[in-house]
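As structure tokens, the structure follows; a few thoughts come after it.
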Amino acid sequence: MDDFTPKSDFLRVLRERGYVHQCSDWAGLDAKAASGDLVAYIGFDCTAPSLHVGSLVQIMLLSWLQATGGKPIALMGGGTTRVGDPSGKDESRKLLSVEQIEVNKAGINKVFARFMRFGEGKTDAVMPDNAEWLTKLNYVDFLRDVGRHFSVNRMLSMDSVKLRLERDQELSFLEFNYMCLQSYDFVELNKRYGCLLQMGGSDQWGNIVMGADLGRRLGAPQLYALTSPLITTASGAKMGKTAAGAVWLDADMCRPYDYWQFWRNAEDSDVERFLKLFTRMPLGEIARLAALAGVEINEAKKTLATEATALLHGREAAEQAAETARLTFEQGLAAETLPSVEIPAAEFNAGLGALSAFVRAGLVASTGEARRQIRGGGLRVNDEALMDEKATINRDALRDGAVKLSLGRKKHVLLRPA
């Protein structure tokens, strides 16, 4: 809504920084946010042991809500993960055991403490699990009291359902129920916490609006919906995906240095947008950096990388990653703080296949990809191009106790004998 000027800090920040795609009622939500009583939630299903960069916009939405005086709820989907969200999926999601869901939930929990404050205070974040109420539902009672408010005609018109059917992809009855459970979550959180707003990605709009409508039918106060845009890079790639896989928010799954490099490698035309979305830098400073041109835009990219990494991994880790990159790229040194992988000494002594070494270092996904990189001149050992697919790496290649493996100009790993 271009002609709407928010009075609340919350919606003003979201509008200025590019977080909003759709909102069900700008004026009503703005008034609630300005009153200081806004409680909002976003749900996160526990499908993996960590979240990745694709979830970062949602985490930032909750973080900005707290920063502007609201109360965030990071809802863990311990219950809905057992069903599977069909949104944006071409096929049914693999069903996980309850034990695996709990392991994943524990891993996901660690991320949020970096971005918001948890506790018992008015604006302190909380992290309930929808398994608390969904697993206790009586199916017949749920159908009678809640299911009767859902129109199958409307559910069939939802993009998450319609796209699957149009592509002749199977949609299980289990997945078809997902939107009912998500809607029920909204009503339950309103009862428990006074939650009035559900936020999510643009693909969740239909589900969120359906939850607000269910609340109206069940006598809840007016509930609101707000979605963020789908974030893609300037070249159209999906955010958070690289050739090597997902960019995880867990340091054990994506090292701080690799995370820093991900942001450093942003396309020029993405820098301003990413600074607004993925850092807390003032808009005036972002505008100054965005105005840089030519090779100077690299300074803006380094700032983006350091500030985004500091939010997740802390300032010390971010600055260490920046210094490692400076030593590696500007001085050509094999910095001791580069990511390293240990290989059993016996393998080093016998001679480790170079293709296998690059796979184990995490620089390529397979030996086939390593061969393709060699043909394109993309792999280097100790800064020298690797030309022979049958080459081996042994102790003769050690420099100061490590072998430096490189993919392109920006990805490096030290291989060390254990």
Side-chain angles (χ1 to χ4, degrees), residues 47-55 88-94 96 100 103-104 107 232-233 235-267 321 324-325 328-329 334 338-398 402-418:
T47 55
S50 174
L51 299 175
H52 56 69
V53 166
S55 298
K89 307 292 190 302
D90 282 338
E91 58 186 22
S92 297
R93 194 163 63 188
K94 179 183 177 182
L96 303 177
Q100 185 59 56
V103 169
N104 291 347
T232 58
T233 65
S235 59
K238 191 172 182 180
M239 187 67 185
K241 297 287 186 180
T242 67
V247 181
W248 298 101
L249 302 182
D250 186 309
D252 293 330
M253 299 174 70
C254 179
R255 295 164 293 200
Y257 175 80
D258 294 328
Y259 191 75
W260 190 94
Q261 282 293 339
F262 168 75
W263 296 107
R264 170 63 180 83
N265 293 336
E267 298 176 43
T324 297
T328 302
F329 304 128
L338 276 177
S340 64
V341 173
E342 291 190 345
I343 299 294
E347 293 188 47
F348 252 105
N349 295 336
L352 178 67
L355 298 182
S356 174
F358 276 89
V359 173
R360 291 169 71 171
L363 290 169
V364 294
S366 65
T367 54
E369 183 184 344
R371 289 189 181 91
R372 290 192 294 273
Q373 291 289 350
I374 288 175
R375 289 194 288 271
L379 300 186
R380 296 195 308 281
V381 177
N382 291 333
D383 296 322
E384 293 186 6
L386 179 63
M387 307 300 292
D388 183 2
E389 295 181 5
K390 297 180 180 180
T392 59
I393 297 173
N394 55 35
R395 286 190 172 275
D396 293 339
L398 290 174
V403 179
K404 181 182 175 185
L405 304 184
S406 304
L407 170 62
R409 296 174 57 192
K410 297 181 178 180
K411 289 191 174 183
H412 310 272
V413 171
L414 297 179
L415 212 61
R416 301 181 185 277

Heavy-atom pair with the smallest gap, counting every atom of [X] and [Y]:
{"X": "Ala48", "Y": "Asn104", "value": "O-CB, 3.2 Å"}
{"X": "Met387", "Y": "Ile374", "value": "O-CG2, 3.8 Å"}
{"X": "Val364", "Y": "Ala370", "value": "CG2-CB, 4.0 Å"}
{"X": "Leu405", "Y": "Ala357", "value": "CD1-O, 3.8 Å"}
{"X": "Ala361", "Y": "Val413", "value": "O-CG2, 3.7 Å"}
{"X": "Ala365", "Y": "Val359", "value": "O-CG1, 4.2 Å"}

Does Leu414 form a side-chain contact (heavy atoms from CB on, under 4.5 Å) with Val341? I'd like the steps, not just the answer.
CA-CA 6 Å; Leu414 297 179; Val341 173; over 6 Å; no

How are the rings of Trp260 and Tyr257 set to each other: parallel, tilted or perpendicular (split at 30° and 60°)?
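Because their plane-to-plane angle is under 30°, the rings of Trp260 and Tyr257 count as parallel.
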
From [atom1] ([X]) to [atom2] ([Y]), nearest 0.5 Å:
{"X": "Asp258", "Y": "His412", "atom1": "CG", "atom2": "NE2", "result": "11.0 Å"}
{"X": "Leu407", "Y": "Glu369", "atom1": "CG", "atom2": "CD", "result": "7.5 Å"}
{"X": "Phe358", "Y": "Ser406", "atom1": "CZ", "atom2": "OG", "result": "7.0 Å"}
{"X": "Leu415", "Y": "Glu342", "atom1": "CG", "atom2": "CD", "result": "10.0 Å"}
{"X": "Thr367", "Y": "Gln373", "atom1": "OG1", "atom2": "CD", "result": "13.0 Å"}
{"X": "Arg416", "Y": "Ser340", "atom1": "CZ", "atom2": "OG", "result": "5.0 Å"}

If we ignore hydrogens and angles and just use 3.5 Å, is the side chain of [X] paired with the main-chain N or O of [Y] as donor and acceptor?
{"X": "Asn265", "Y": "Gln261", "value": "yes"}
{"X": "Arg380", "Y": "Gly408", "value": "yes"}
{"X": "Glu347", "Y": "Ile343", "value": "no"}

For the pair Leu363 and Leu379, evaluate side-chain contact (heavy atoms from CB on, under 4.5 Å) and give the outcome as yes or no after the intermediate values.
CA-CA 9 Å; Leu363 290 169; Leu379 300 186; 5.8 Å; no

For Val53 and Tyr259: C-alpha separation, side-chain torsions, deciding distance, then whether side-chain contact (heavy atoms from CB on, under 4.5 Å) applies.
CA-CA 10 Å; Val53 166; Tyr259 191 75; 3.7 Å; yes

Please evaluate residues Val381 and Val403 with respect to the criterion side-chain contact (heavy atoms from CB on, under 4.5 Å), reporting the C-alpha separation (whole Å), side-chain torsions for both, the decisive distance (0.1 Å), and the verdict.
CA-CA 7 Å; Val381 177; Val403 179; 3.7 Å; yes

